[in-house]
K.L.:
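Dropping a structure here in structure tokens format, bear with me for questions.
Residue numbers start from 1 in every chain, and the chains themselves are labelled A, B, ... in the order their sequence lines are given, proteins ahead of strands. Atoms considered below: every heavy atom in the structure, side chains included; atoms not considered: hydrogens, waters and symmetry mates.
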Number of protein chains: 2
Amino acid sequence: MSSPPRAETFPAHTPAASQIFVTALSQGPLTRLELARRAGLSPAAVTKAVRPLIEAGYLVESADQDARPALGRPASLVCVDGGRALFVGIKVTGDEVIGVLTDLCCRVLFARRLPLADRAPQAVLTTLAGLTQELMAEADGLGVHVVGAGLAVSGDVDRGEGMVRYSPFLEWREVPLAELAAATTGLPVTVDNDVRALTVAEQWFGAGVGLSDFALVTVGAGIGCGLVVHGQVVAGAHGVAGEIGHVTVDPAGPLCHCGNRGCVEAVAGDAAIVARVRAATGVQVADAVEAAALAHDGIPGAQEAYARAGEAIGRGIATVANLLGPERVIISGEGLAAYDLFAEQIRDSFAAAAFGSAARCDVQTRPLPFEEWARGAAATAIQSFIASGPHQ
Amino acid sequence: MSSPPRAETFPAHTPAASQIFVTALSQGPLTRLELARRAGLSPAAVTKAVRPLIEAGYLVESADQDARPALGRPASLVCVDGGRALFVGIKVTGDEVIGVLTDLCCRVLFARRLPLADRAPQAVLTTLAGLTQELMAEADGLGVHVVGAGLAVSGDVDRGEGMVRYSPFLEWREVPLAELAAATTGLPVTVDNDVRALTVAEQWFGAGVGLSDFALVTVGAGIGCGLVVHGQVVAGAHGVAGEIGHVTVDPAGPLCHCGNRGCVEAVAGDAAIVARVRAATGVQVADAVEAAALAHDGIPGAQEAYARAGEAIGRGIATVANLLGPERVIISGEGLAAYDLFAEQIRDSFAAAAFGSAARCDVQTRPLPFEEWARGAAATAIQSFIASGPHQ
DNA sequence: CGGCTTATTTTCCGCTGTCAATGAAAGAAA
DNA sequence: TTTCTTTCATTGACAGCGGAAAATAAGCCG
């Protein structure tokens with residue numbers, strides 16, 4: 001049906017070479033010596049690993065003379081050539097697909113969203129194929145090949161098998177999405193859970209670079225959490241992990257769609273905020289944007305709803321910090337648009353509920369453009385591509 | 001002051017040899033072929049790794065003919081010789097020290113508890129030295145050398161540095177316990193947090209064998225939790241991790257010593273149960289044993305206190321399961337003596353609060369003899385000893 | 001006693017990463 | 001200008017780890 005997937009593989013012939021490449025990819029241009037130090041290898045190993053990667057065009061040597069030593073031979077910087085290969089990343093939601101074309105450094109070159117009328121796997125696949133074609137045409141215009149695609153789907157996703165085990169929004173069960181999409185697009189396809197995909201993007205290209213333990217909390221329609229422990233994304237033995245949204249913060253709180261009361265999501269999810277703003281103000285706000293507008297206008301009932309949400313989120317973050325002791329927690333998601341409405345409550349309730357030194361955890365926010373979820377999908381594709389080399 | 005520490009080191013000259021030894025240690029007698037399979041190595045590698053370990057006496061070949069194949073050459077079983085080396089493990093609490101002598105398989109050969117009158121580091125060290133001498137004398141009686149000691153202390157402990165950063169019960173700050181104890185005992189000393197030490201014991205010798213992701217929840221005076229993620233014990237970036245005891249289960253609940261309301265420990269810790277039993281029944285029970293006796297007698301107020309505790313613990317476990325998706329949760333601790341009083345509530349509230357497939361997590365209980373914490377300390381010493389080999 | 005089967009060992013062999021020495025590229029000093 | 005010093009990078013020899021395949025061992029069965 002199509003060209004064989006994985007026509008192009010990454011020429012890192014040893015685990016050390018992959019490791020060095022990833023270090024260069026996420027920690028920016030570095031001298032060989034510095035690469036060796038950060039990857040825990042000898043300079044000689046770096047020299048040997050870097051050469052074939054430069055020959056293959058994945059790394060370039062820049063003569064940037066910024067941090068030249070006062071004395072001695074100037075170092076040359078080694079840097080990933082982002083333009084060497086392009087990737088497609090697509091986030092699939094229940095009612096639209098968002099696609100991006102990125103370079104090897106996960107910089108978004110082009111973004112596109114399409115509505116999704118029909119959620120049946122076949123219909124979604126057709127839309128995905130069309131979107132991928134469009135993004136690949138864009139890549140052709142740049143004269144660079146797309147070498148992999150990543151798909152991000154919410155729910156229980158088995159990345160290793162490329163299977164969507166169960167996605168409530170799409171109403172899918174056991175869909176072998178990677179296989180199907182690879183067949184229709186002719187590209188190697190990686191499928192992962194959306195929050196984990198975003199976590200990979202943060203780990204390699206965002207605020208998680210260089211950290212072995214951090215958490216990413218997404219605030220929006222749902223409240224999600226991606227965890228990196230011991231340098232690896234936590235997937236969970238049964239496909240469930242990072243469900244901070246269903247941590248209970250108040251057993252007497254509002255009913256959650258999961259059946260429990262007082263889940264973080266039942267207090268701080270968009271729907272919960274909207275419901276509370278409606279109840280408190282009598283204004284029939286349609287969505288979170290309108291609810292936030294009311295709060296920004298100073299309406300007390302609306303502000304109260306956000307304060308409560310902030311408190312719940314802070315408590316959820318404290319729970320993660322108490323259990324895992326991450327170095328950093330990154331807050332992101334569409335809900336950040338209203339961040340000023342609950343920033344204080346998040347910080348206060350985190351500080352109050354964090355136990356001992358867990359409070360030393362660095363809590364940051366990070367804006368999330370609409371295409372960020374798709375960029376996460378691209379990050380998983382980049383990860384798979386780099387792992388596709390001949391070694392192992 | 002003493003003989004140089006680490007007189008005897010473990011002769012595993014390659015990482016693979018250590019891995020094979022650990023597999024044999026925790027997964028019992030196995031054939032070489034099976035060892036190869038479980039460690040992900042070739043049979044040839046096993047042969048090469050096993051020989052020097054047999055020569056050094058750490059492994060023995062048993063001709064057990066149980067699972068002989070119907071056809072072909074019978075397999076010979078490879079098994080760790082527990083009697084090859086002995087270890088000391090000591091748990092230090094605020095008012096006593098509990099010491100054990102174990103063999104290499106972490107079987108307890110001798111246990112001893114001593115009261116602790118004075119918590120000052122120097123006084124504790126003297127007690128530790130005396131206890132260690134006694135245990136080593138016991139070992140001399142067996143004609144086998146003690147090759148390492150492990151100390152388990154609650155609080156913030158930096159195992160790598162051998163430092164007790166902060167221990168509330170001992171009122172210690174920044175005590176270089178490993179160094180001090182090594183000097184007074186002449187043994188290589190490993191120091192770790194008590195719950196993490198117990199987690200290591202479960203990982204290598206208990207219900208966590210063969211699992212890469214599990215949690216150990218200890219129920220007693222405090223509620224603790226040790227986590228194994230990606231095959232490694234989670235230590236936390238700031239020395240805090242596994243603080244399930246300070247996960248909030250009810251923001252309107254009783255005040256916890258940590259300053260918050262409704263922590264798991266404030267509902268399910270021994271002190272909380274005792275307080276609630278007193279309040280509900282009017283009987284001035286002195287401790288958890290008396291409280292449990294009352295509940296066993298069918299006094300409703302006491303039973304209610306246990307029911308609440310069980311609910312809190314179940315919720316705490318669900319929180320861990322929702323965030324990390326472990327394969328198994330092991331419940332242990334002194335509080336298990338009253339397990340029948342809240343088993344049902346733990347199971348029910350876990351099942352209710354677990355999100356989706358997280359409920360598939362296997363929840364087990366495991367009895368905990370009084371010397372178990374000390375055995376955990378010995379497990380860390382065994383771990384350090386095996387890692388003490390020439391490689392790395 | 002030969003087949004047959006499975007377990008273990010042996011014998012190479014490729015590959016990886018390190019070591020120690022050497023080369024390269026500056027600025028500084030003579 | 002030449003030489004020294006300093007630091008970065010490369011080279012080439014090398015040790016050793018773990019794998020593949022072939023050989024060997026050890027039973028059973030006819």
K.L.:
Let me spell it out: for each of A:A16 and B:E61, pick the nucleotide of DNA chain C with the closest heavy atom. Which residue's pick is nearer the 5' end?
P.N.:
B:E61
K.L.:
What is the separation between atom CZ on A:R32 and atom C1' on C:dA25, rounded to the nearest whole Å?
P.N.:
14 Å
K.L.:
Considering only D:dG19, C:dA25, C:dT8, which nucleotide approaches the side chain of B:R73 most closely?
P.N.:
C:dT8
K.L.:
Find every protein N or O atom lying less than 3.5 Å from an N or O atom of nucleotides 10-14 of chain C, and list the pairs.
P.N.:
unit_1, atom_1, unit_2, atom_2, d
C:dT10, OP2, B:R51, NH1, 3.3
C:dT10, OP2, B:R51, NH2, 3.1

K.L.:
Determine the minimum heavy-atom distance between B:A377 and B:A197, stating which atoms define it.
P.N.:
N-CB, 3.9 Å
K.L.:
Without decimals, in angstroms, what is the distance between A:L41 CG and D:dT10 P?
P.N.:
15 Å
K.L.:
Separation of B:I20 atom CD1 from D:dC17 atom C1', in whole Å?
P.N.:
12 Å
K.L.:
In this structure, how many angstroms lie between the P atom of C:dG17 and the CG atom of A:L35, rounded?
P.N.:
15 Å
K.L.:
Can you tell me how far C1' of D:dA9 sits from CD1 of A:I54, to the nearest Å?
P.N.:
12 Å
K.L.:
List the atom of A:V228, the atom of A:Q203, and the distance in Å for their closest heavy-atom pair.
P.N.:
CG1-NE2, 3.8 Å
K.L.:
How do B:A17 and A:V46 order along DNA chain D: which one's closest nucleotide is nearer the 5' end?
P.N.:
A:V46
K.L.:
Grab the CZ-P distance between B:R37 and C:dA7 for me, whole Å please.
P.N.:
12 Å
K.L.:
For A:L30 and A:E34, work out which heavy atoms get closest and say how close.
P.N.:
CD2-CG, 3.7 Å
K.L.:
Looking at every heavy atom in both A:I382 and A:T102, which two are closest together, and how far apart are they?
P.N.:
CD1-OG1, 4.2 Å
K.L.:
May I have the distance from A:L30 (atom CG) to D:dA9 (atom C1'), rounded to whole angstrom?
P.N.:
15 Å
K.L.:
Looking at five pairs on each end of the helix from C:dC1-D:dG30 to C:dA30-D:dT1, what is the angle between the two axes, given to 10 degrees?
P.N.:
30°
K.L.:
For B:L33, which contact category applies under a 4.0 Å heavy-atom criterion: base, sugar-phosphate, or nothing?
P.N.:
base
K.L.:
With the side chain of B:P74 defined as its heavy atoms from C-beta on, choose the nearest nucleotide among D:dA26, C:dT18, C:dT9.
P.N.:
D:dA26
K.L.:
Would you indicate, yes or no, if D:dA9 has its OP1 or OP2 atom less than 4.0 angstrom from a side-chain nitrogen or oxygen of A:S76?
P.N.:
yes
K.L.:
Hey, which of A:V157, A:V191, A:D158 is the one that makes side chain to side chain contact (heavy atoms under 4.5 Å, CB included) with A:L177?
P.N.:
A:V191
K.L.:
Could you check whether B:R32 pairs with B:E61 (Lys NZ or Arg NE/NH1/NH2 to Asp/Glu carboxylate O, under 4.0 Å)?
P.N.:
yes
K.L.:
Does C:dG17 have OP1 or OP2 sitting under 4.0 Å from an N or O in the side chain of A:T14?
P.N.:
yes
K.L.:
With a cut-off of less than 4.0 Å, is there a side-chain N or O of B:S42 near OP1 or OP2 of D:dA20?
P.N.:
no
K.L.:
Can you identify which nucleotide, out of C:dA7, C:dG17, D:dC8, has its nearest atom closest to the A:A45 side chain?
P.N.:
C:dG17
K.L.:
Do we see a donor-acceptor contact under 3.5 Å between the side chains of B:R159 and B:Q383?
P.N.:
yes
K.L.:
Taking all heavy atoms of A:C361 and all of A:P326, pick out the closest pair and write down the distance.
P.N.:
SG-O, 3.6 Å
K.L.:
Do the side chains of A:R328 and A:E202 get close enough for a salt bridge, i.e. N-O under 4.0 angstrom?
P.N.:
no
K.L.:
Separation of A:L71 atom CG from D:dC4 atom P, in whole Å?
P.N.:
16 Å
K.L.:
Shortest non-hydrogen contact from A:L53 to A:A17?
P.N.:
CD1-O, 4.2 Å
